Protein chains: 2
Amino acid sequence: MANSVWIIEDVALYQETLQEVINEEPDLTCKSVFDNWEDAHSLLQSLPEDAPDVILLDIGLKGKSGVEGVASLKSAAPDSRIIMFTVYEENEKIFEAICNGASGYLLKTSTGDEIISSIKNVLTGGGPMSPVIAGKVLSMFSQIAPVRENYMLSVREKEVLKELVDGMTKKEISEKLFISYHTVDSHIRNIYDKLHVNSKSEAVAKAVKERLL
Amino acid sequence: MANSVWIIEDVALYQETLQEVINEEPDLTCKSVFDNWEDAHSLLQSLPEDAPDVILLDIGLKGKSGVEGVASLKSAAPDSRIIMFTVYEENEKIFEAICNGASGYLLKTSTGDEIISSIKNVLTGGGPMSPVIAGKVLSMFSQIAPVRENYMLSVREKEVLKELVDGMTKKEISEKLFISYHTVDSHIRNIYDKLHVNSKSEAVAKAVKERLL
DNA sequence: TTCAGATTCCCGTGTTTACGGGATAGTTTG
DNA sequence: CAAACTATCCCGTAAACACGGGAATCTGAA
């Protein structure tokens, strides 16, 4: 049986063209087209079994942004795979959409063929992205995960640092680890030395940012 | 002028085939082939101006793993773009390679055409990935991505929080923002309320973890 | 126009931190 | 074995912090 596709797009021209392109494909059908995701969402809630395999979602809709729609549609139809379809290239939008569970991200400059192959691709567990987007995703990734420097923290120091990150005071840590306040203080001083900081918050910021735990 | 490509690959068969495919392309040339990244790295260090535009790097080399090579090659030739070339699909390898600065990630099942278009792609700032990889990258992303709650921080509060994350004291913040110590104190109290914390480090940890800036 | 929120400012008190000094005991390692 | 490192403990002080009280503007929405 052909896989079902929904289109959520508020530009009439795009709606038609997309639907035609998809329906020309023997193993894809597109019966439902929406111009806002709220409608799609309510339909999904009343008839969850009609959830499509793939949803093409325009990110730049009038009214409520498409990005918000991702999470909402995902919760109503967790098994439908969502491909964002957009003119935007801003990191923030891409990031949000992906975090909300989008499975692919295409630019509107994509050709019909590209769109079709992306749809098929997403059905087999792939994550189709326009190359430009893919590049941005990669660079975001390396931003998120900075070079993990080795500060040579001892096991005990890491334990203490972990508690610091969890917001514990020195006193609380000393109680939790069954050591004296002074010992904790001493460990923290050594941590400061090794991380080149001089306050709890700096240590915490560095630990979280650089994933030292 | 044709763009230069290096191949780092320890299977002779792949070496040859790859080189041929690339050299058939009019605007690509591959003159250098290595079977380990250390050699490539030392060549880059002695002749940095010979750095290629693109490096195809096999991840599963004998001896030192290709993943380590990424960082090393990147530091010797920051402007060369590295495409990982591999049979591995493990999340951890992909993750590491990307974090270390790889610009693309291809499976060895890729066809010659795909490889060529990926090379061209990476030259224009894209991030070519096999669809399977792209899918994994996206799912890794949404795993990492925290639920971004909206704590309704005001503009000013965000400014103050940002400084906190940078390790500033209340006094320093007051001087930087040209407001009194008491005002900063007041903002911080409101931030604590909204974030449901009661210390600087907790606020910092939450801000960094949940990317509130 | 009232009312909520944001932004600004102030006092005081008890707690916590940062850091200057130390010391002792156990482990690993060249 | 001695040096280096780790983990533990102690004192004291000045600074920074958390939080209890306030209060005066200003802005924008109901």
Side-chain angles (χ1 to χ4, degrees), chain A residues 38 62-65 68 92 148-213, chain B residues 147-213:
Chain A
E38 287 92 337
K62 288 187 276 288
K64 284 209 160 183
S65 143
E68 300 167 51
E92 190 52 27
R148 249 206 266 191
E149 229 172 298
N150 187 10
Y151 296 101
M152 304 287 279
L153 292 176
S154 75
V155 178
R156 201 52 161 172
E157 284 159 0
K158 271 185 205 159
E159 279 175 46
V160 173
L161 183 54
K162 204 192 148 312
E163 302 303 331
L164 281 185
V165 168
D166 286 347
M168 309 278 256
T169 67
K170 295 182 187 177
K171 203 175 120 204
E172 289 167 336
I173 296 175
S174 76
E175 281 157 11
K176 183 162 181 190
L177 300 184
F178 304 108
I179 52 182
S180 97
Y181 172 88
H182 304 290
T183 307
V184 177
D185 182 69
S186 169
H187 285 309
I188 290 182
R189 290 186 204 201
N190 292 331
I191 293 171
Y192 287 179
D193 275 352
K194 293 183 182 176
L195 299 192
H196 310 299
V197 299
N198 44 27
S199 77
K200 247 174 49 167
S201 354
E202 282 181 284
V204 167
K206 202 154 190 168
V208 178
K209 277 185 195 159
E210 310 193 11
R211 293 189 170 56
L212 300 179
L213 322 175
Chain B
V147 253
R148 246 208 272 193
E149 230 173 298
N150 187 11
Y151 296 101
M152 304 286 279
L153 292 177
S154 75
V155 177
R156 201 53 160 172
E157 283 158 2
K158 271 185 204 159
E159 280 176 45
V160 173
L161 183 54
K162 203 192 149 314
E163 302 303 330
L164 281 186
V165 169
D166 286 347
M168 310 278 257
T169 66
K170 294 182 187 178
K171 203 174 121 205
E172 287 167 337
I173 296 174
S174 76
E175 282 157 10
K176 184 162 181 191
L177 299 184
F178 304 108
I179 53 182
S180 98
Y181 173 87
H182 304 290
T183 306
V184 177
D185 182 69
S186 167
H187 285 311
I188 290 182
R189 290 186 204 200
N190 292 330
I191 293 171
Y192 288 178
D193 276 352
K194 293 183 181 176
L195 299 192
H196 310 300
V197 299
N198 43 29
S199 78
K200 246 173 53 166
S201 353
E202 283 182 284
V204 167
K206 202 152 191 169
V208 178
K209 277 186 195 159
E210 310 195 10
R211 296 193 171 60
L212 300 179
L213 321 174

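Just the heavy atoms: all of them, side chains too, but no hydrogens, waters or symmetry mates, feed the values below. Here is the naming used below: chain letters follow the sequence lines, and residue numbers restart at 1 for every chain. As the structure is a prediction and not an experimental result, all values here were calculated from the model.
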> Contact class for B/T183 vs. all strands (heavy atom < 4.0 Å): base, sugar-phosphate, or nothing?
Replying inline: base
>> Heavy atoms only, 4.0 Å cut-off, all strands: where does A/K158 land among base, sugar-phosphate and nothing?
In response: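 Result for A/K158 = nothing.
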> So, is A/S154 near the phosphate of D/dC5, with a side-chain N or O under 4.0 Å from OP1 or OP2?
Replying inline: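 No, no such contact exists.
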Without decimals, in angstroms, what is the distance between [X] [atom1] and [N] [atom2]?
| X | N | atom1 | atom2 | value |
| --- | --- | --- | --- | --- |
| B/H182 | C/dC10 | NE2 | C1' | 5 Å |
| B/L153 | C/dT7 | CG | P | 10 Å |
| A/I179 | D/dC10 | CD1 | P | 12 Å |
| A/N190 | C/dA18 | CG | P | 14 Å |
| A/L177 | D/dA7 | CG | C1' | 12 Å |
| A/M152 | C/dT28 | CE | C1' | 13 Å |
| A/E157 | D/dC5 | CD | P | 12 Å |
| B/L161 | C/dT7 | CG | P | 13 Å |

>> Just verifying a value: how many Å separate B/S154 OG and B/L161 CG, rounded to the nearest 0.5 Å?
In response: 10.5 Å
>> Is there a side-chain contact (heavy atoms from CB on, under 4.5 Å) between A/K209 and B/V165? Walk through the geometry before answering.
In response: CA-CA 10 Å; A/K209 277 185 195 159; B/V165 169; 4.0 Å; yes
>> If you apply the rule side-chain contact (heavy atoms from CB on, under 4.5 Å), what do you find for B/K200 with A/K200, and how did you get there?
In response: CA-CA 8 Å; B/K200 246 173 53 166; A/K200 247 174 49 167; over 6 Å; no
> Does a salt bridge link B/R189 with B/D185, judged by any charged N lying under 4.0 Å from a carboxylate O?
Replying inline: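 Salt bridge: yes.
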> Salt-bridged, A/K162 to A/D166, with N to O below 4.0 Å?
Replying inline: yes
Shorter than 3.5 Å, N or O on both sides, protein versus nucleotides 14-20 of chain D: list them out with atom names.
unit_1: D/dC17; atom_1: OP1; unit_2: B/K200; atom_2: NZ; d: 2.5
unit_1: D/dC17; atom_1: OP2; unit_2: B/K170; atom_2: N; d: 3.0
unit_1: D/dA18; atom_1: OP1; unit_2: B/Y192; atom_2: OH; d: 2.9
unit_1: D/dA18; atom_1: OP1; unit_2: B/K200; atom_2: N; d: 2.7
unit_1: D/dA18; atom_1: OP2; unit_2: B/Y192; atom_2: OH; d: 2.9
unit_1: D/dC19; atom_1: N3; unit_2: B/R189; atom_2: NH2; d: 3.4
unit_1: D/dC19; atom_1: N4; unit_2: B/D185; atom_2: OD2; d: 3.4
unit_1: D/dC19; atom_1: N4; unit_2: B/R189; atom_2: NH2; d: 2.7
unit_1: D/dG20; atom_1: N7; unit_2: B/R189; atom_2: NH1; d: 2.9
unit_1: D/dG20; atom_1: O6; unit_2: B/R189; atom_2: NH1; d: 3.3
unit_1: D/dG20; atom_1: O6; unit_2: B/R189; atom_2: NH2; d: 2.4

> Which of these nucleotides, D/dC10, C/dT8, C/dA6, is closest to any side-chain atom of B/H187?
Replying inline: C/dT8
> Name the one of A/E159, A/H187, A/E172 that satisfies side-chain contact (heavy atoms from CB on, under 4.5 Å) with A/L177?
Replying inline: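 Looking at A/E159, A/H187, A/E172, the match for A/L177 under the side-chain contact (heavy atoms from CB on, under 4.5 Å) is A/E159.
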> Where do B/K206 and B/Y151 land on the side-chain contact (heavy atoms from CB on, under 4.5 Å) test, with the steps shown first?
Replying inline: CA-CA 11 Å; B/K206 202 152 191 169; B/Y151 296 101; 3.1 Å; yes
